[in-house]
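Heads up: the structure comes next, in structure tokens.
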Amino acid sequence: MIIATWNINSIRARIDTAVAWVKEANPDVLCLQEIKCETNSFPSTVFEDLGYNVIVHGQKSYNGVAILSKLKPEDVRRGLPGDDAESPARYIEALFPAGSAMVRVASIYLPNGNPVGTEKYTYKLAWMDRLTLHARGLLALEEPLVLAGDYNVIPAALDAKFPENWVTDALFLPETRARYRIMQNLGLTDAVRAIMPDKPGIYSFWDYQAGAWQRNNGLRIDHLLLSPQAADRLKTARIDAHVRGWERPSDHVPVAIDIAE
DNA sequence: ATGACATATGAGATATGA
């Protein structure tokens, strides 16, 4: 079962690109972030025509998350516990039952947090604390669980081309990385690093500016965290970096795993 | 130090992003 995550940076501006990758990779579940549209404006029929179920948690202009899936979603949750009606749309989760191969998947768009020293950074840290609390509850279910998305976290120096440029940034500060590590210490496995523990130069984001893609000046900030029951089934993980070279690309690329059914 | 790019909104310029 292929499960992927992709910050699409506007689904309406990127619909052809999204369809092209879906046809190429044929994922069973695709978590999208930064769809940048309201729930009712999501181009659901395009994907339904390709055989996908579509669930969306959108908002006007910014943020917004969705999950495309071949299996019918159940137990859908929109928003993280603690969200209110005005909270940005950054979390959607569903259960995909397939006999013994059932899996619960969340699409996560974690706040960026810059600039540090403002309420944006404290909001990011608080959001990570809320996510951790929710993850604890999900882990207690002892199910295959995949928390996939744009974490806006550079977990280690290995995950940036120039880590020294990020030491005071919200993506790489010790307080940020500590919270990501706390999630791992709960028993969640970073799928890409489980498959490629020490491999340098594997990134999921390249800035649009200053020729970042051409110089491979990237960051690995899109992650799939797996419960033990999912990690036991992990077969492969990959980052589809070639998509960054397509016309009018998102600044992020899809990250995909294959778990045994 | 600044801007470089890109998108949404809405019709020019600003907010957001990482």
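The analysis underlying the following values was restricted to heavy atoms, covering all of them including side chains, and did not include hydrogens, waters or symmetry mates. Here is how names work: the chains are called A, B, and so on, in the same order as the sequence lines, proteins then strands, and each is numbered from 1.
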Quiz item: Any chain of hydrophobic side-chain contacts (each under 4.5 Å) joining A/F205 to A/V243?
Solution: no

Quiz item: Members other than A/L147 in its cluster, when Ile, Leu, Val, Met, Phe, Trp, Tyr link by side-chain heavy atoms under 4.5 Å?
Solution: A/L80, A/Y91, A/I108, A/L110, A/Y123, A/W127, A/M128, A/L131, A/L138, A/L139, A/L141, A/L145, A/Y151, A/V153, A/Y180, A/M183, A/L186, A/L188, A/L225

Practice problem: For B/dT7, take OP1 and OP2 only and decide whether either is under 4.0 Å from a side-chain N or O of A/R248. | Solution: yes

Quiz item: Distance check: side-chain N/O of A/R14 vs OP1/OP2 of B/dA6, anything under 4.0 Å?
Solution: no

Quiz item: So, do A/E34 and A/S10 sit near enough that their side-chain heavy atoms are less than 4.5 Å apart?
Solution: no

Quiz item: Any side-chain heavy atom of A/F96 within less than 4.5 Å of one from A/P73?
Solution: yes

Self-check item: Rounded interatomic separation in angstrom, taking CD from A/Q214 and P from B/dC5
Solution: 11 Å

Quiz item: Could you write nucleotides 8-18 of chain B as a row of B, S and -, 5' to 3', where a protein heavy atom under 4.0 Å of any base atom gives B, of only sugar-phosphate atoms gives S, and otherwise -?
Solution: SS-----BSSB

Exercise. Determine, for A/R220 against A/D222, whether the closest basic-nitrogen to carboxylate-oxygen distance falls under 4.0 angstrom.
Key: no

Practice problem: Can you tell me, in whole Å, how much space there is between the P of B/dT14 and that of B/dG10? | Solution: 16 Å

Quiz prompt | P spacing across the pair B/dA11 / B/dA1, given as an integer number of angstrom | solution = 36 Å

Quiz item: Just wondering, are more than 12 heavy atoms of other shown residues or ligands nearer than 6.0 Å to CG in A/D49?
Solution: yes

